[in-house]
Amino acid sequence: MLDLQQLRKDLPTVVAGLARRHHIFDEAQFRALEDERKKLQMHTEELQAKRNAASKQIGMMKGKGDDTTAVMADVAGLGENLKANEIALSELQEKLNAFLRQIPNIPRAEVPAGKSEHDNVKVRQWGTPKVFNFTVKDHVDIGEALGGIDFATAAKLSGARFSVLRGGVARLHRALAQFMLNTHTLEHGYTEVYVPYMVNDYCIDGVTNLEKFRDDGFKIEGRDMYLIPTAEVPVTNFVRDEIVDAKQLPMKYACHSPCFRSEAGSYGKDTRGMIRQHQFDKVEVVQMVAPENSVAAHEELVLHAETILQKLDLPYRTMLLCTGDMGFASAKTYDLEVWLPAQNAYREISSCSLYEAFQARRMMARCKNAQGKTEYLHTVNGSGLAVGRTLVAILENYQNADGSVTIPSALVPYMGGITKLAA
RNA sequence: GGAGAGGUGGCAGAGUGGUCGAAUGCACCAGACUCGAAAUCUGGCGUACGGUUUACCGUACCGUGAGUUCGAAUCUCACCCUCUCCGCCA
């Protein structure tokens with residue numbers, strides 16, 4: 001949610017900022033709502049003040065045993081008028097609130113303008129794609145040949161976009177999550193957390209737009225609960241409705257969880273394999289920070305995610321997303337894209353975003369700064385990394401001519417010393 | 001699923017229709033005392049919104065929503081959540 005004060009004081013800047021991400025801000029509607037709100041609020045509060053004064057007077061008079069009929073007659077007609085105004089005001093504030101909540105975040109100045117992923121800017125690149133002296137297979141062929149990935153059984157159980165993992169591949173999947181979690185907690189200073197995988201709609205609306213999310217998420221039948229699309233949702237909401245002391249910041253959390261997404265808008269995209277599934281595991285890193293530190297925290301967090309890829313020796317590049325490719329709540333996002341030999345392309349494996357106070361305003365997450373003043377804290381998060389896609393990257397990048405897959409040395413301890421997966 | 005108890009400010013905890021946004025204690029902040037600290041004393045100390053804009057004023061908020069009333073933390077109804085016991089269960 002944007003800062004209402006800023007909208008009132010400096011609307012042109014907001015409108016221009018949103019235009020960069022191709023969001024047309026309805027100035028006429030906003031002004032109309034605001035003018036109406038102002039009128040109604042002032043009038044309503046005036047009536048309330050009148051009523052309060054009269055009631056107080058009646059109270060005092062009764063205490064002294066005086067006759068109150070005159071004062072009571074005076075406020076007799078007030079009730080209904082006030083009621084009507086209060087209802088109208090709350091409806092209007094509801095409308096204004098809904099209007100505000102559907103506006104995306106304003107991209108930071110350094111975010112490049114653009115329409116789609118083609119306009120994203122590469123900020124750095126790491127590693128060199130390996131040259132294979134045989135025809136590379138994709139992770140589906142590799143995994144199935146190893147008896148480790150079974151889409152047929154998954155389809156029988158749950159339909160398309162699910163997978164069953166077996167044996168060494170299943171273990172590799174588990175090893176990856178452990179490895180990521182250990183790296184972030186032991187080397188990067190994050191606290192490990194375990195969280196609910198079902199959350200109420202306040203949590204969803206706290207980090208993104210609930211209306212937009214509805215098509216994208218899995219709702220629990222008969223309850224106002226959703227399966228989490230990412231651990232970002234429960235973890236970020238730790239600070240919802242809280243005022244934390246500045247001394248408690250930064251809060252840094254790492255969380256391994258499954259993620260559930262309907263992938264409604266991606267028919268026909270990545271239908272083969274494990275790239276795009278309804279259920280996938282992810283290790284998420286989340287930071288709640290003081291406003292003045294959020295930009296640095298974001299840069300640091302991206303490096304934390306990159307560390308995982310470097311330790312696994314997987315070539316990747318870091319992309320700064322353009323205004324048109326960013327998520328609803330983000331002010332700035334870096335995507336990490338890992339090299340997938342079978343696709344001969346870099347594919348997204350992590351997304352790291354800086355939200356500034358956008359989520360905090362939605363959540364009412366504040367901190368008391370050193371001066372004792374209450375202000376919205378800032379949130380930053382990213383995948384560190386998507387476990388399923390990392391598994392895909394390892395199978396493809398570490399494949400051998402004989403169909404076996406070498407275990408990256410960083411993972412060997414997590415694999416009980418196994419150095420290779422073979423049929 | 002059944003029975004009971006309870007939800008008040010950062011925490012604890014008073015308050016059962018009227019100057020209650022709310023006693024008191026703890027915590028916290030500032031000052032005094034002290035060489036310094038502790039103890040003690042004095043003062044301050046909720047959030048949001050609005051109007052004016054250093055100071056100030058108004059409004060709302062005692063789990064949530066509705067109702068009764070001139071007036072609700074307090075009375076009525078519904079819902080939510082927490083705790084205890086029983087049942088079931090990993």
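Here is the naming used below: chain letters follow the sequence lines, and residue numbers restart at 1 for every chain.
The separation of B/G15 from B/G63, taken at their P atoms, amounts to 15 Å, rounded to a whole angstrom. A distance of about 29 Å separates the P atoms of B/C80 and B/A60, rounded to the whole Å. Taking the C1' atom of each, B/U59 and B/C45 are spaced 22 Å apart, rounded to whole Å. Between B/A39 and B/C85, the distance separating the two P atoms is 39 Å to the nearest Å. B/A73 sits 28 Å from B/C83 when the P atoms are compared, rounded to a whole Å. Here the separation of B/G18 from B/C75, taken at their P atoms, is 12 Å to the nearest Å. With P as the reference atom, B/C20 and B/A78 are 32 Å apart, rounded to whole Å. With both ends at atom P, the span from B/G21 to B/G58 equals 12 Å, rounded to whole Å.
Nucleic acid contact for A/Thr44: none, since no nucleic acid atom lies under 4.0 Å from a heavy atom of the residue. Contacts of A/Asn52 with the nucleic acid, taken as non-hydrogen atoms under 4.0 Å apart, involve only primed sugar atoms and P, OP1 or OP2. If you check every strand for non-hydrogen atoms under 4.0 Å, A/Ala49 touches sugar and phosphate atoms only. If you check every strand for non-hydrogen atoms under 4.0 Å, A/Lys83 touches sugar and phosphate atoms only. Here A/Gln5 lies in heavy-atom contact (under 4.0 Å) with sugar-phosphate atoms only.
Nucleotide B/A5 is matched to B/U82 when pairs are restricted to Watson-Crick or G-U wobble geometry with both distances under 3.5 angstrom. Under the Watson-Crick or G-U wobble criterion, with both distances below 3.5 Å, B/G71 is left unpaired in every strand shown. Under the Watson-Crick and G-U wobble criteria, each requiring two contacts below 3.5 Å, nucleotide B/C56 is paired to B/G51. Of all nucleotides present, only B/G25 satisfies the Watson-Crick or G-U wobble test against B/C11, with each distance under 3.5 Å. Nucleotide B/G65: paired with B/C77 (Watson-Crick or G-U wobble, both distances less than 3.5 Å). The nucleotide B/G17 finds no pairing partner, because no Watson-Crick or G-U wobble arrangement with both distances shorter than 3.5 Å includes it. Shown here, B/A32 forms a base pair with B/U40; the pair counts as Watson-Crick or G-U wobble because both key distances fall under 3.5 Å. Summarising the base pairing, B/G87 is matched to no nucleotide, lacking a Watson-Crick or G-U wobble pair whose two defining distances lie under 3.5 Å.
What separates CD of A/Glu46 from C1' of B/C49 is a distance of 17 Å, to the nearest Å. Distance A/Arg240 CZ to B/C81 C1': 13 Å, rounded to the nearest Å. The CG atom of A/Asn97 sits 15 Å away from the P atom of B/A48 (whole-angstrom rounding). To the nearest angstrom, P of B/C45 lies 12 Å from NZ of A/Lys368. Atom CD of A/Glu45 and atom P of B/G58 are 11 Å apart (whole Å). The CZ-P distance, from A/Arg51 to B/G18, rounds to 16 Å in whole Å. If you take CG of A/Asn85 and P of B/A60, they are 13 Å apart, rounded to a whole angstrom. Distance CG (A/Leu100) to C1' (B/C49): 13 Å, rounded to an integer number of Å.
For A/Lys9 and A/Lys56, each mapped to the nucleotide of RNA chain B holding its nearest heavy atom, the one lying further toward the 5' end belongs to A/Lys56. Mapping A/Thr374 and A/Met42 onto RNA chain B by nearest heavy atom places A/Thr374 at the nucleotide closer to the 5' end.
A/Phe162 and A/Phe280 have their aromatic ring centers separated by at least 6.0 angstrom. Between A/Tyr194 and A/His256, a ring centre-to-centre spacing not shorter than 6.0 Å is recorded.
Taking every side-chain heavy atom of A/Arg37 into account, B/G51 is the closest of B/U59, B/G18, B/G51. Ranking B/A48, B/G51, B/G71 by closeness to the A/Lys38 side chain, first place goes to B/G51.
Side-chain N/O atoms of A/Thr406 and A/Asn400 include a donor and acceptor closer than 3.5 Å. Under 3.5 Å, the side chains of A/Glu263 and A/Gln277 contain no donor-acceptor pair of N or O atoms. A/Asp205 and A/Asn209 form no side-chain donor-acceptor contact under 3.5 Å, judged by distance and modelled atom types alone. Under 3.5 Å, the side chains of A/Arg174 and A/Gln178 contain no donor-acceptor pair of N or O atoms.
Ring geometry for A/Phe358 against A/Phe328 counts as perpendicular: the plane angle is over 60°, on a 0 to 90° scale with 30° as the lower cut.
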